[in-house]
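To keep things clear, I will list the structure first and then write my remarks on it.
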Amino acid sequence: MIYYDDGKILVRDMRETDAQQFRDGEVAQGWLNSDIGKYQMRLADQRAGRSISLTAEYLGNPAGYINVYPDARAGAFGGKGYPEIVDFGVLEKYQRLGIGSRLMDTAEEIAGRFADVVYLGVGLHSGYGSAQRMYVKRGYVPDGSGVWYNDAVCAQYADCRNNDDLVLYLSKRLRKRDREAIQIETERMILRSFLPEDAAGLYEILGDEEVMEYSEPAYDLAKTKNFLNTFCIGREGALAAVHRDSGRLIGYILCREEEAGVYEMGWFFHREFWRQGYAFESCRAVAGYLFGERKAHKIFAETIDTVKSPGLMRKLGMRREGIQRSQVRDRSGNWADMHIYGLLSEEWQGYFAGGEELEDFK
């Protein structure tokens, strides 16, 4: 996912290949003991849904990194519901180009989706001097617990060493986000941004083996919470489908921008609401929002299902664009074809003109 792009600086999700490139960059600037493991750990946390790990590119080259942990458990604010910014750095040859500020802007914007306070820890030795100055200028203040050493408060007169394990925790109160949460209303549904309190309702959907038949194995509650925090909220990659009359969360709608103007759509609905038109009603409204408000150029969807999902894709006006043969393994471990459908903006305008479905698309 791309979070920012001005033609020079681009901020995106961290990729596996970034780890080696950052390690090589640190060695080139004289950090001969640079450990690739710290990047691999962040990538593992991202895969597990524990973090949102970002890379900044400058003119196409990885230049800096930062990580946001929405449900932080360590440090002065651990377990209080505040996100933590962790392991922030910019390679020396890319410093003073605005990359660090852009990474911090993006991390704080993501943190603001979860709470009105964000925190971080900063080392006390001179190697952290530029970071210390940046944090103060950005409005971070000490939390009042004093310095921490080896992940615990360093008591008065206690022995410690001024190394990377001696840190001061700082926090910042974030401004309210300028962009309002999404809310789309249909006859029977309210489609809105996910909230932290949606975990139980989302688990009823993603934790159902039958619902997940053509996807990955059903989620447990912990995985659902991590996915909710890092993807649905942190990356704003999906919308919650809420039943208007009951207020119950009954569906998950993927609407992720893969690249500028191109969105992937997908859906999971609670089994109690299958075959009642809720998925079509919801997805049609989301597609209208993407083409209308977001000015999407294209929406696409993928599935290994050969019956139910393709039927809904066609009903939404999507055309089959191709098959990736033996692309992924199904739930039984067998190789399965991936069916790809797509819909262009101009096709959407013709398809639902006047609210009627055109015969050619049925």
Side-chain angles (χ1 to χ4, degrees), residues 3-4 11 14 38 41-42 45-46 49-54 56 64-90 95 98-156 158 160-179 181 193-197 199 225-226 228-230 233-236:
Y3 300 85
Y4 177 82
V11 181
M14 188 178 286
K38 73 172 184 177
M41 178 182 69
R42 303 303 178 196
D45 284 347
Q46 179 171 250
R50 291 187 290 269
S51 74
I52 300 163
S53 299
L54 308 177
Y65 49 87
I66 200 166
N67 305 271
V68 181
Y69 283 75
D71 188 22
R73 295 292 171 181
F77 293 91
K80 295 184 178 180
Y82 299 143
E84 181 182 13
I85 293 174
V86 178
D87 199 12
F88 162 49
V90 178
Q95 292 177 5
I99 295 168
S101 293
R102 180 53 58 188
L103 278 168
M104 284 295 298
D105 288 345
T106 305
E108 288 176 1
E109 195 277 333
I110 291 171
R113 300 171 189 170
F114 300 93
D116 59 359
V117 172
V118 63
Y119 77 100
L120 50 79
V122 62
L124 298 184
H125 62 72
S126 60
Y128 291 96
S130 59
Q132 294 164 4
R133 291 192 297 271
M134 169 186 273
Y135 298 149
V136 170
K137 289 179 180 179
R138 294 186 69 92
Y140 285 82
V141 296
D143 77 297
S145 65
V147 297
W148 286 54
Y149 185 57
N150 288 333
D151 299 322
V153 172
C154 186
Q156 189 174 11
C160 64
R161 297 187 65 181
N162 193 10
N163 57 21
D164 290 348
D165 294 320
L166 186 68
V167 302
L168 181 68
Y169 279 98
L170 310 172
S171 66
K172 176 181 178 178
R173 186 163 294 278
L174 301 170
R175 296 177 181 176
K176 281 191 90 136
R177 296 178 63 204
D178 293 330
R179 190 166 76 79
S193 301
F194 272 99
L195 303 170
E197 52 265 35
K225 289 179 177 178
N226 285 335
L228 172 66
N229 284 336
T230 57
I233 299 175
R235 293 186 174 86
E236 296 184 323

Side chain Q132, main chain G123, donor-acceptor under 3.5 Å | yes
Is a side-chain N or O of N67 found less than 3.5 angstrom from the main chain of D87, in a donor-acceptor match?
-> yes
So does Y140 have more than 12 non-hydrogen atoms from other groups sitting under 6.0 Å from OH?
-> yes
Does a sphere of radius 6.0 Å around NZ in K172 hold more than 12 heavy atoms from other residues, nucleotides or ligands, not counting ones at 6.0 Å or beyond?
-> yes
Cationic tip of R102 above Y4 ring, under 6.0 Å, 45° of axis | yes
Can you find a heavy atom in the side chain of [X] that is under 4.5 Å from one in the side chain of [Y]?
| X | Y | result |
| --- | --- | --- |
| D45 | S53 | no |
| D164 | H125 | yes |
| Q46 | T230 | no |
| R113 | L174 | no |
| R173 | D116 | yes |

Sequence neighbours excluded, which residues qualify as side-chain contact (heavy atoms from CB on, under 4.5 Å) partners of A158?
-> C154, A155
In a check of side chain to side chain donor-acceptor pair (under 3.5 Å) between Y3 and each of E109, R235, E236, which one passes?
-> R235
Can you give me the closest heavy-atom contact between [X] and [Y], atom names plus distance?
| X | Y | result |
| --- | --- | --- |
| L103 | G64 | CD1-C, 3.7 Å |
| E84 | L120 | CG-CA, 4.4 Å |
| V68 | A107 | CG2-CB, 3.7 Å |
| Y69 | V86 | CD1-CG2, 3.9 Å |
| I233 | P196 | CD1-N, 3.5 Å |
| N229 | P70 | CB-CB, 4.1 Å |

Ignoring hydrogens and angles, write down the donor-acceptor pairs under 3.5 Å from the side chains of residues 72-81, residues two or more places apart or on other chains.
from	atom 1	to	atom 2	distance (Å)
R73	NH2	D71	OD1	3.2
R73	NH2	D71	OD2	3.1

Fit a plane to each ring of Y135 and F88, take the angle between them on a 0 to 90° scale, and name the class: parallel (under 30°), tilted (30 to 60°) or perpendicular (over 60°).
-> tilted
Does the side-chain contact (heavy atoms from CB on, under 4.5 Å) test come out yes or no for E197 and L228, once each step is laid out?
-> CA-CA 10 Å; E197 52 265 35; L228 172 66; over 6 Å; no
Can a donor-acceptor pair be found between the side chains of Y149 and R161 at a distance below 3.5 Å?
-> no
For I110 and L54, what are the C-alpha separation, side-chain angles and deciding distance, and is it a side-chain contact (heavy atoms from CB on, under 4.5 Å)?
-> CA-CA 11 Å; I110 291 171; L54 308 177; 4.0 Å; yes
Value rounded to 0.5 Å, distance of CG in N163 from CG in L124 | 10.0 Å
